[in-house]
Amino acid sequence: MPASYSCLMSRWSDLAGKASGEDYAARFADLARSGKNVHGEAGFCAALVPTGARVLDAGCGTGRVMIRLAELGYECVGVDLDASMLAVARKQAPGLPWFQLDLAEFEPALVGVAEGFDLVVAAGNIFPLLAPGTEAAVTERLSAALRPGGLLVAGFGLDEAHLPVPPGLTLSDYDDFCAGAGLTLVDRFATWDADPYDDGGYAVSVHRR
Ligand SMILES: C[S@@+](CC[C@H](N)C(=O)[O-])C[C@H]1O[C@@H](n2cnc3c(N)ncnc32)[C@H](O)[C@@H]1O
């Protein structure tokens, strides 16, 4: 068991506690029933890489994004620390590969992948929810998991209105972590519908290795 399981809990685990999976899935099921598009992230990624591309869902949670990407024909792997979130993912899509791993220690060999991923998606405030101090390590691990030319796509809130935890991580911090990990910013949007970024409280960033 990686050391991180015992001592490096994420901000997410502090926030959600042990029984987060069913509640999280129920919230999105309610949103879907009310007519909201809960597949914006998957649609955004599908516009960036061709069908069949290898995708890592980093912090996959209940599999909301990855299950949709798999339905669209992508070869996906999901990684998350939270057992209760992964239990929902496994129940909803037992045939897909889900792994309980810490992104700060991630390497493709741990999930049986020899070549790099074409795209890594970190949707749902993954970076602001990481254990404090692990952001640079996670960015490095995700960058190293990409093939040269592969894309890291991360969407997260920057202010109180867009985050379930107190804001801390800035875009400038995130870009610095990415630059340190050999990643270059190629695009930034305000939403998963690719609205132009306007210095607002939410950003979807696309970096290339
Ligand atoms: C708000 S959920 C987002 C889930 C999913 N990506 C989505 O958009 O529906 C944030 C997830 O990040 C995961 N997470 C936080 N730190 C992590 C880490 N170090 N390694 C793996 N997963 C982590 C949490 O366990 C949680 O499932």
Side-chain angles (χ1 to χ4, degrees), residues 1-32 36-45 55-71 74 76-93 96-108 110-111 119-142 144-145 152-157 162-165 167-169 174 177 191-192 202-205:
M1 177 185 284
S4 56
Y5 278 34
S6 53
C7 60
L8 248 189
M9 300 304 283
S10 68
R11 287 185 176 98
W12 169 256
S13 55
D14 291 345
L15 179 77
K18 283 198 163 67
S20 45
E22 294 291 350
D23 291 349
Y24 189 84
R27 266 209 316 278
F28 277 96
D30 283 349
L31 285 173
K36 194 146 177 16
N37 175 19
V38 293
H39 296 306
E41 296 94 334
F44 182 94
C45 294
V55 175
L56 171 67
D57 190 347
C60 60
T62 57
R64 182 178 66 86
V65 177
M66 180 171 131
I67 291 170
R68 181 66 180 152
L69 282 169
E71 286 167 357
Y74 292 88
C76 301
V77 174
V79 169
D80 203 285
L81 255 186
D82 185 319
S84 126
M85 297 287 271
L86 284 170
V88 174
R90 290 189 174 116
K91 194 157 103 188
Q92 290 186 349
L96 293 180
W98 308 106
F99 292 88
Q100 189 179 14
L101 291 169
D102 185 346
L103 293 173
E105 298 172 352
F106 180 75
E107 44 188 287
L110 294 173
V111 299
L119 184 143
V120 173
V121 57
N125 288 320
I126 303 301
F127 279 91
L129 290 171
L130 293 172
T134 64
E135 298 87 348
V138 169
T139 313
E140 278 164 26
R141 292 292 179 147
L142 298 184
L152 172 62
V153 177
F156 54 85
H162 296 86
L163 279 172
V165 290
L169 183 69
Y174 179 63
F177 294 139
T191 66
W192 292 99
Y202 191 86
V204 180
S205 306

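Bear in mind the structure is a predicted one, so any value in this text is a computation, not a measurement. Counting convention: from 1, in listed order, for ligands and their atoms alike.
For ligand 1 and Asp82, the ligand atoms under 4.0 Å from any heavy atom of the residue are 25 (O). Residue contact check: Leu129 has heavy atoms under 4.0 Å from atoms 1 (C), 10 (C) of ligand 1. Proximity to Asp102 (heavy-atom distance under 4.0 Å) selects the following atoms of ligand 1: 18 (C), 19 (N), 20 (N). Atoms of ligand 1 lying under 4.0 Å from at least one heavy atom of Ser10, given by number and element, are 15 (C), 16 (N). Near Leu103, the atoms of ligand 1 lying under 4.0 angstrom from a non-hydrogen atom of the residue are 18 (C), 19 (N), 20 (N), 21 (C).
Across Glu105 and Leu110, no two heavy atoms sit closer than the pair O-CD1, 3.5 Å. Looking at every heavy atom in both residues, Gln92 comes nearest to Ala25 through NE2-CB, 4.5 Å. Taking both residues in full, the closest heavy atoms of Leu129 and Gly124 are given as CD1-O, 3.8 Å, listed atom of the first, atom of the second, then distance.
Residue contacts with ligand 1: Arg64 is placed with a nitrogen or oxygen under 3.5 Å of a nitrogen or oxygen of the ligand (distance criterion only). Considering backbone and side-chain N/O atoms, Phe28 never comes within less than 3.5 Å of an N/O atom of ligand 1. Considering both main-chain and side-chain atoms, Ile126 never comes within under 3.5 Å of ligand 1 through any nitrogen or oxygen pair.
Under 4.0 angstrom from ligand 1, the non-hydrogen atoms of Cys60 all belong to its backbone. Under 4.0 angstrom from ligand 1, the non-hydrogen atoms of Tyr24 all belong to its side chain. Within the 4.0 Å heavy-atom criterion, the part of Leu101 lying near ligand 1 is the backbone and not the side chain.
One finds a salt bridge joining Glu41 and Arg64 here, because a Lys/Arg side-chain nitrogen approaches an Asp/Glu carboxylate oxygen to under 4.0 Å. Classification of Glu107 and Arg141 as a salt-bridged pair holds, one side-chain N sitting under 4.0 Å from a carboxylate O.
Side-chain contact between Pro164 and Asn125: present, with at least one pair of heavy atoms (C-beta onward) separated by less than 4.5 Å. Taking the side chain as every heavy atom from C-beta outward, Glu71 and Ile67 approach each other to under 4.5 Å.
Closest heavy-atom approach to atom 27 (O) of ligand 1 among the candidates Val88, Thr62, Asp80: Asp80. Of the listed residues (Ser20, Ser84, Gly59, Gly63), the one carrying the non-hydrogen atom nearest atom 4 (C) of ligand 1 is Gly59. Looking at Pro128, Ala123, Gly124 and measuring to atom 2 (S) of ligand 1, the nearest heavy atom belongs to Gly124.
Every heavy atom of Asn125 sits 4.0 Å or more from the atoms of ligand 1.
For Phe156 and Tyr174, the ring centers sit closer than 6.0 Å to each other.
Checked by atom type and distance alone, the side chain of Asp80 pairs as donor or acceptor with a backbone atom of Gly61 at under 3.5 Å. Glu140 places no side-chain N or O within donor-acceptor distance of the main-chain N or O of Val138, the cut-off being under 3.5 Å.
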